[in-house]
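Structure record follows, encoded as structure tokens.
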Amino acid sequence: MTMIEAIRDAHVVAMERDANVVAMGEDVGYFGGVFRCTAGLQKRFGVERCFDTPISELGIVGTAIGMAAYGLRPVVEIQFADYMYPAYDQIVSEAARLRYRSAGEFTCPLVVRMPTGGGIFGAQTHSQSPEALFTHVAGLKTVVPSNPRDAKGLLLAAIADPDPVIFLEPKRLYNGPFDGHFDRPSTPWSKHELGEVEDGVIEVPLGKAHIARAGAAATLIAYGTMVHVAHSAVDECGADVEVIDLRTLLPLDLEAIVASVNKTGRCIVLHEATLTSGFGAELAALVQAECFYALEAPVLRVAGWDTPYPHAQEHDYFPGPARVIRAIRAVLGG
Amino acid sequence: MTMIEAIRDAHVVAMERDANVVAMGEDVGYFGGVFRCTAGLQKRFGVERCFDTPISELGIVGTAIGMAAYGLRPVVEIQFADYMYPAYDQIVSEAARLRYRSAGEFTCPLVVRMPTGGGIFGAQTHSQSPEALFTHVAGLKTVVPSNPRDAKGLLLAAIADPDPVIFLEPKRLYNGPFDGHFDRPSTPWSKHELGEVEDGVIEVPLGKAHIARAGAAATLIAYGTMVHVAHSAVDECGADVEVIDLRTLLPLDLEAIVASVNKTGRCIVLHEATLTSGFGAELAALVQAECFYALEAPVLRVAGWDTPYPHAQEHDYFPGPARVIRAIRAVLGG
Amino acid sequence: MSDEVSPRLHVPAPAIRAGDTPDFSHVTIPRAGEVRRPAPDCGAEEMRDLAFSIIRVLNRQGEAVGPWAGALDEDTLRAGLRDMMMLRTYDARMLTAQRQGKISFYMQHLGEEAISCAFQRALRQGDMNFPTYRQAGLLVAAGYPLVKMMCQVYSNDGDPVRGRQLPVFYSSKEHGFFSISGNLATQYVQAVGWAMAAAIRGERHLAAGWIGDGSTAESDFHGALVFASTYKPPVILNIVNNQWAISTFQGIARGGAGTFAARAHGFGLPALRVDGNDYLAVHAAAQWAAERARRDLGPTLIEFVTYRVGGHSTSDDPSAYRPKEEGRAWPLGDPILRLKAHLIARGAWSDERHAQAEAEIAYQVAAAQKEAEAIGTLHGGRRPSPRDMFEDVFAKMPPHLLRQRHEMGY
Amino acid sequence: MSDEVSPRLHVPAPAIRAGDTPDFSHVTIPRAGEVRRPAPDCGAEEMRDLAFSIIRVLNRQGEAVGPWAGALDEDTLRAGLRDMMMLRTYDARMLTAQRQGKISFYMQHLGEEAISCAFQRALRQGDMNFPTYRQAGLLVAAGYPLVKMMCQVYSNDGDPVRGRQLPVFYSSKEHGFFSISGNLATQYVQAVGWAMAAAIRGERHLAAGWIGDGSTAESDFHGALVFASTYKPPVILNIVNNQWAISTFQGIARGGAGTFAARAHGFGLPALRVDGNDYLAVHAAAQWAAERARRDLGPTLIEFVTYRVGGHSTSDDPSAYRPKEEGRAWPLGDPILRLKAHLIARGAWSDERHAQAEAEIAYQVAAAQKEAEAIGTLHGGRRPSPRDMFEDVFAKMPPHLLRQRHEMGY
Ligand SMILES: Cc1ncc(C[n+]2csc(CCOP(=O)(O)OP(=O)(O)O)c2C)c(N)n1
Ligand SMILES: Cc1ncc(C[n+]2csc(CCOP(=O)(O)OP(=O)(O)O)c2C)c(N)n1
Ligand SMILES: [Mg+2]
Ligand SMILES: [Mg+2]
């Protein structure tokens, strides 16, 4: 199953279980989404449970908040994460604070899905990874799956969650894992074990990280596409590195991180978003505070450069295996 | 001179020097702003250079970008930083990237002023400190003055800057320094040496931090209101702590920070914004990476709790001297 | 094109400013009873004229005239008068409490009482308002306990929202009053979403969005109209045009448009423009729009024309930007006096009964205030705990917040 | 109210979907020449009818008729025809280049060529368009070099924006073409700001904002109208209604409204609705609106009615959501054929000359393409350097970026 199919499957399972689950967004209804994540839902569940919206991200999230407060469980799609900004006020000022400001009288069980990340020559407006803009906001949960199985399980958990969840889908992973090697053909998910996804409900709880690869010499913290980049970098440099796939950025599985770094004494944080004030800053800040006496080298960050996402230069922008290997060598030598 | 007067004075100086400088915003024209920062400008420079706008932060920033591209230098006011979200798309997707995406053909010399921070019982929508939402965005400069003199100088530098500058004004400092002691009357700026502001042009360059207080035992990195909190905490605990007033968060004066921490070996980062993914995360991440071998204790962060800014409990929310002192003791003991 | 000229920036300004003599002669006020009442299933195109006039019921003699006069019985009207008097008294008390430093901030309704009080009486249990900070009459008319309202304002231990919100940012699901945001306009589009949810579930509830004249400039106003006109859910979109947005007169937000009500036309939605100081007109318009919603005929936009007699909030002094006496010159009069006059004209009320009601209400409000203050004020008595600060960020407290709460000592 | 029913969600849908037979019989097309032409200083209220009709000049016989016929001379019209042909040929070439993998992405104008090509001819040096991705005709008509356009599309070393932008996101200040954003609608309000700046400086330049039918739902559309109606700067606000927004038909964005043009009425702005496939009508409307701007009479909103014949972009296959043949059934015809017929009817053109022009243009475009490809394509030849990636984030590179560039090895 591709990640697209897994996401679609999660919708189907959730919509069959609970009549309150509705899906909407730009091109989401009749056509089934520009990435086809909602294909077939309108036919199956009717036009009132899966429908097209006007091109207004504000309107999509704003009305979804009203629906969620009413008692529905809307799952909305923002066509690209780069287009979430018009909805940012509704997300930050409204969805995130509704439970708090009404002391639980009104709540907002809402999932906002959005494709993130680069690698498809989408340039500045089809490549962004804005996770840190959500993790800074009290009241939001932020999730980033790295494979079809997790995507389905985490999306089901997000839909079941009583609070707003930002669900970031690395679009470069939709059809197969991408390890940062632009010059190699990528394997489809059908040939990958994480592409095997069980039918029905899968439990992948929010807030629990996954040790994607065990190792003793250093800890690589990654999520989304960068999990695969981490794997390939570790494979290539041959070091005994542990890779943590965070899955959920907030709430963060700090315990898993601390246990790993206390064991390895070395840590590298990876993400595709711009470096400065990225989520890697939070991770590095936490790790140095929690594992200070275990650390044998500074926590390094490998991230997107502090520029807009360029078009022609996207391979140079993307923090690929070469940069990760350099960082691994640096922490191991440190 | 109060900080309000200093900001007004910077407007006057800039508007007299350059006919392209215009000021606008909600209640900014006839009335002179809800905090009176633009009082008198409409009378002095005419209705075409200082005017009221409709209540649309999107419209304010969006039209200002068009004006800036034309060749004006708009200085716009967002009534409270909490209300900048409707303009966030225009700031992030447009102002920040215009130079980049047009390879310098179109530029955006724009200043977006906004009062930030709590301490005035403004609750969730009149208290926020969203600086980290700007520092993550390539193409934006972010400035936070801590006193009238800096406010004037930095605002002049921001207006003269060829790129968009986010100018965050700690509203709790408008009329006098605030050191976090809610139970003590605060001194007005007129009784404070930093309230003495020279006439005409003052040079306070962007990107240069200020050592607000020299010390050898630890480094406190702060900006805005927290500079004053830092001072009072240091005074009270009697330790020999250096206080850095960043003034500009981006571009960051990393050199000043590294020099100080390499000297002191201990570092605490302060801000009022929520802890997680706050700008303190970036500072901690940088300090541990740059000064790893000098650090004798983990970099600690003292910040707002990860909740919305509450109303009745705002004294409990505000990261005041007691919490800073605890952190100082912790790093010194570490 | 020989007529070319250099362009200039046209900055709308009110004719009259602070220091001048108030003058509303430019405001055209149609006579009461003059505006027609189309059937609620009338197409939006057939009733465009209603966005350019003002529906009025009460004439100068206090009579209810014309097709919008409705049939409210005397008990209901007396209850309405009481609601408005209660709200005004409550406001006065809370203003004083603010000046005494017992609360941090307050926003009053002076002159606008009819709108929220009358509107609420057209709703039913299960309908939901998405109000701004100037519609506490919705709560009063819905019978929300005064003491509870005050506890919110005092941010004391009786505050249902645990001291987290600014005064007047009430919330009561049971009373059809959605939690107030503080960010202008954001809830307008949420009201549409709430109504869409009712439509998706096929449940007979309607939503009412509320927005100020100035706030119609915000993006959410547009989002609300776009989604409302697309999916036609049972929603009433109210604009309270009280002439001012803090220091900015309504011409800045309205620009060159005829009226705010006319904004609906570009969306194919029907619009009414209503005398907001006329309890009967407000009620009749609300009833008309509610009937549309209940017959699944789609959304209605209503502009209530009124005047903000008081300051914007306790942080504001309007004499800096408009004539002090402008409120008194406002041609639509005082909503309480007008309804009182109507009831007297109907023989259902008297000056004596009015005075007595005033006294009763004053007593009731004072007693409630005493009760609320006995619990606590912003600065004393029983107040929400810092512990409360960490609750309700999420349904279940995640580890990092628990840790922060412990660090705080709770 | 005995007529109460449970509400339901009304989700607009096109009558005809993929697999059905195209049918535009519900689209009312007025005869050419039928719509009146008010004086440019006509008040918005006096010309509301123009938002509900379609201004058309060219009739079925290829004659220019009615009050909007204008007086474009034959040279200008031939140049216009050439612009449109050039744009269509360019599009076809670039589409092929995309299929060949030489560029990453492309967006064509098929069927919409008249709008941008004719509009530009009503502008002057110093005026500024704020275009979307479907107005490259503005550049063609302004004489922007083809090779440069292609270099942008190829992201090669000749790309004026250094490979940073998606193909078709051109930028040319000199040619009055503002850098394209990629975020829908954001630039609509910037156009208003640009015009406000011209007004503040008192300089005789106008701005033109561009937006698609679907994108009118975005907030920036509202912001633009609010600010335009408030300050009345010299701006023309264009809506290109090509019936589709990717897979979504225009009924979703328009909701129950009569037309997109009617959105202007709620703001007191004059609106025109124009046959976007009629070069003469587009030009006449643009001219009329430009005259208003140049006489400081304020903003104009224009809805151009057209049809997106091709896919949304090279990432899109429209046969999944609409009939394959719908484009051919579109009742307003093909803009190139219509102008060609007009010129022939005027005796100023012939099939032979047309064929010859086609050949010339094909040659010219092919030559330009060869030249551009000789510089490089997305994947080969001379391409922008990674070094370019770090430039222009700021006017002056701050230390952290310099450090990152060094880390990258440049
Ligand atoms: C998004 C946002 N921008 C600005 C403000 C500040 N503000 C609070 S009330 C107000 C004026 C609102 O005027 P109007 O909508 O007419 O309502 P009224 O106060 O007259 O009832 C402003 C600008 C805000 N609360 N939210
Ligand atoms: C803010 C934003 N949201 C969504 C998109 C994705 N998107 C690109 S084009 C498009 C459809 C636009 O339709 P329309 O405005 O009618 O223009 P057309 O393509 O028909 O010319 C969408 C949804 C975007 N680019 N920006
Ligand atoms: Mg108002
Ligand atoms: Mg379209």
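A, B, ... follow the sequence lines: proteins, then strands. Residue 1 opens every chain.
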Using non-hydrogen atoms and a 4.5 Å limit, figure out which bit of [X] sits close to chain C: side chain, backbone, both or neither.
X	value
A/T53	both
A/N20	side chain
A/D52	backbone
A/V61	neither

Do you know the tightest heavy-atom contact between [X] and [Y]?
X	Y	answer
A/M67	C/G193	CG-O, 3.2 Å
C/F394	A/L250	CZ-CD2, 3.8 Å
A/Q90	C/T186	NE2-O, 2.9 Å
C/S171	A/S102	OG-CB, 3.6 Å

Would you check if [X] and [Y] make a side-chain contact, meaning some heavy-atom pair closer than 4.5 Å?
X	Y	value
A/I60	C/F227	yes
C/I200	A/F51	yes
A/F106	C/Q190	no
C/V189	A/E94	no
A/P54	C/Y231	yes
A/L72	C/M196	no

Q. So which of A/D89, A/L98, A/V22 has the largest heavy-atom pair count under 4.5 angstrom toward chain C?
A.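 Result: the option with the highest number of such pairs is A/L98.
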Can any side-chain N or O of [X] pair as donor or acceptor with the backbone N or O of [Y] at less than 3.5 Å?
X	Y	result
A/E105	C/K173	yes
A/D163	C/A395	yes
A/R101	C/I180	yes

Let me know if [X] has heavy atoms under 4.5 Å from chain A in its side chain, its backbone, both or neither.
X	value
C/A199	backbone
C/D220	both
C/M389	both

